[in-house]
There are 2 protein chains.
Amino acid sequence: MLDGMSTTEEVPVLIRRSAARDRLVGTASRLFYGEGIRGVGVDRVMAEADVARGTFYRHFDGKEDLVRAYLEGADRQIRDGVAAVAKQISSPAGFLAAVAHGIGDEVCGAGFRGCPFINAAAEYPDPQNVIHQTVLRHRAWFREVLVDAFRRLGATSHEQSADSMMALRDGTMVAGYLGDAQRARAVLLHGVTALVAAR
Amino acid sequence: MLDGMSTTEEVPVLIRRSAARDRLVGTASRLFYGEGIRGVGVDRVMAEADVARGTFYRHFDGKEDLVRAYLEGADRQIRDGVAAVAKQISSPAGFLAAVAHGIGDEVCGAGFRGCPFINAAAEYPDPQNVIHQTVLRHRAWFREVLVDAFRRLGATSHEQSADSMMALRDGTMVAGYLGDAQRARAVLLHGVTALVAAR
DNA sequence: TCCAGCATAGAACGGTCTGTCCCTTTTAGG
DNA sequence: CCTAAAAGGGACAGACCGTTCTATGCTGGA
């Protein structure tokens, strides 16, 4: 668990690394996250990334593929962060508290605009859609991380504890975006503390 | 409080009621909620509502205005529901429980696709945007309803209790859409029960 | 009855979006 | 150094989008 390396898989052909590609994903991440996915055209992304049209379509099958790269980048980043915390903190209680602190700090950061996955799912509701499924995969993974931690903690019902923390996380993400981030952070930390204490 | 009539305000000119207008708002609500706002064009809405182009633009300033009508309709509906509950149940504990049950049932209903307001905010991130502000107004109202209830309940810190319940609500909305609705419902009911009991 | 106002039908507009294609220039590896 | 791949820079098509306009049909109230 927590390897953070299971969603890789790419076509065997190809490019995989390139300055232009990195610039595209970076710019797309900034714009998609900041202004919404459907609200930003690939023209905009290409222009701000200083990448020509042909180059874009050599690296990506189309916009959806770029969106997928954006979300998978965010996913990778979060998995790496969680893995780093897990490596550093062995106790499940400490791990959960650290994760909560990480989220709390995130929602209070400048430019926080909600959870990229929740937001993406709002724009791609079709369960069959690749992007929607990317969101579901990320969420399933994170839930499993929490279930595992509460199991190691010896919680009477790991699943319910994990779901409660998941709800607190999601609620904090929403409130951090559409309400008072400081209060949202406090609610999350307080709630997770209670969950861990209650076991 | 709970009057449910404070966000009305329309141009004094005008139409306000008409079969065509009602059909437009109804169709738009169904499509915007089910497929996302930016993913649905006004062409589609007009076609499925069997309303001509000119008629649409006589009733609405443009797409944004239609989106506003969609969200204000949802807002009105929720305010009416909350007002009905408040009228029926006098005790604050019973009121909060009833609200939680209402939300829990909602997320378990067929065709639930998340909170219309959270979803709309994901598509319209600009705080200056009319639609974004409509979302914020709805959320501010609902939070105030909760704060008031917890105050009447005699909670030591009304605000924190209200924010906790708000986080649970938001988390349940997200999880009901992107996870297991039954589990989300259980988490919400359990959490609100605890909040009310803890006072 | 007549007419004002609302609804309809349909064409047309400019703009933007995704995606394809072509050609030239730059870059990097053998 | 030479060549093949990558990147740049456009032009372009086709679709859709939101919007405006005109001409016409329908209906309810004075």
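Below, each value reflects all heavy atoms present in this structure, side chains not excepted, and no hydrogens, waters or symmetry copies. In the text below, chain A, chain B and the rest are named by the order of the sequence lines, each starting its count at 1. Owing to the predicted nature of the structure, the values given are computational and were not obtained by experimental measurement.
A salt bridge does not link B:Glu159 to B:Arg151: none of the charged nitrogens lies less than 4.0 Å from a carboxylate oxygen. Using a cutoff of 4.0 Å between basic side-chain nitrogens and carboxylate oxygens, B:Arg137 and B:Asp75 are not scored as salt-bridged. Electrostatic pairing of A:Glu48 and A:Arg30 counts as a salt bridge here, judged by a charged N lying under 4.0 Å from a carboxylate O.
The separation between A:Asp65 atom CG and C:dT18 atom C1' is 14 Å, rounded to whole Å. Rounded to whole angstrom, the span from the NZ atom of B:Lys63 across to the P atom of D:dT19 amounts to 9 Å. Rounded to a whole Å, the CZ atom of B:Phe60 is 15 Å from the P atom of D:dT20. Between the CZ atom of B:Phe56 and the P atom of C:dC6 there is a distance of 17 Å, rounded to whole Å. Per the geometry, CD belonging to A:Glu64 stands 12 Å off C1' belonging to C:dT18, to the nearest Å. Note: CD1 (A:Ile37) to P (C:dT18) measures 12 Å, nearest angstrom. Spacing between atom CG of B:Asp50 and atom C1' of C:dA9 amounts to 12 Å, rounded to whole angstrom units. For A:Leu24 and D:dG8, the CG to C1' distance is 13 Å, given to the nearest whole Å.
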* **Chi angles and distances behind the side-chain hydrogen bond (donor to acceptor under 3.5 Å, both in side chains) call for A:Asn119, B:Glu123** => CA-CA 8 Å; A:Asn119 290 344; B:Glu123 300 203 62; over 6 Å; no
* To do: Go through B:Val82 and B:Trp141 one step at a time and tell me if the side chain to side chain contact (heavy atoms under 4.5 Å, CB included) criterion holds.
  => CA-CA 11 Å; B:Val82 168; B:Trp141 163 80; 3.9 Å; yes
* Given A:Met165 and A:Val99, is the side chain to side chain contact (heavy atoms under 4.5 Å, CB included) satisfied, shown in steps? -> CA-CA 11 Å; A:Met165 180 157 166; A:Val99 168; 4.1 Å; yes
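Between B:Ala19 and A:Asp61, the one whose closest nucleotide on DNA chain C sits nearer the 5' end is B:Ala19. If you find the closest nucleotide of DNA chain C to A:Tyr57 and to B:Ala20, the one lying nearer the 5' end belongs to B:Ala20.
For A:His59, a side-chain nitrogen or oxygen approaches OP1 or OP2 of D:dA7 to under 4.0 Å. The side chain of B:Ser18 contributes an N or O atom lying less than 4.0 Å from OP1 or OP2 of C:dA7. Using a 4.0 Å cut-off, no side-chain N or O of B:Thr55 falls inside it from OP1 or OP2 of C:dC6.
Here the two rings, on B:His138 and B:Phe117, have centers that are under 6.0 Å apart.
Ranking D:dT19, D:dA7, C:dC17 by closeness to the A:Asp43 side chain, first place goes to C:dC17.
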* To do: Report, as a single string ordered 5' to 3', how protein heavy atoms within less than 4.0 Å touch nucleotides 21-30 of chain D: B base, S sugar-phosphate only, - not at all.
  => ----------
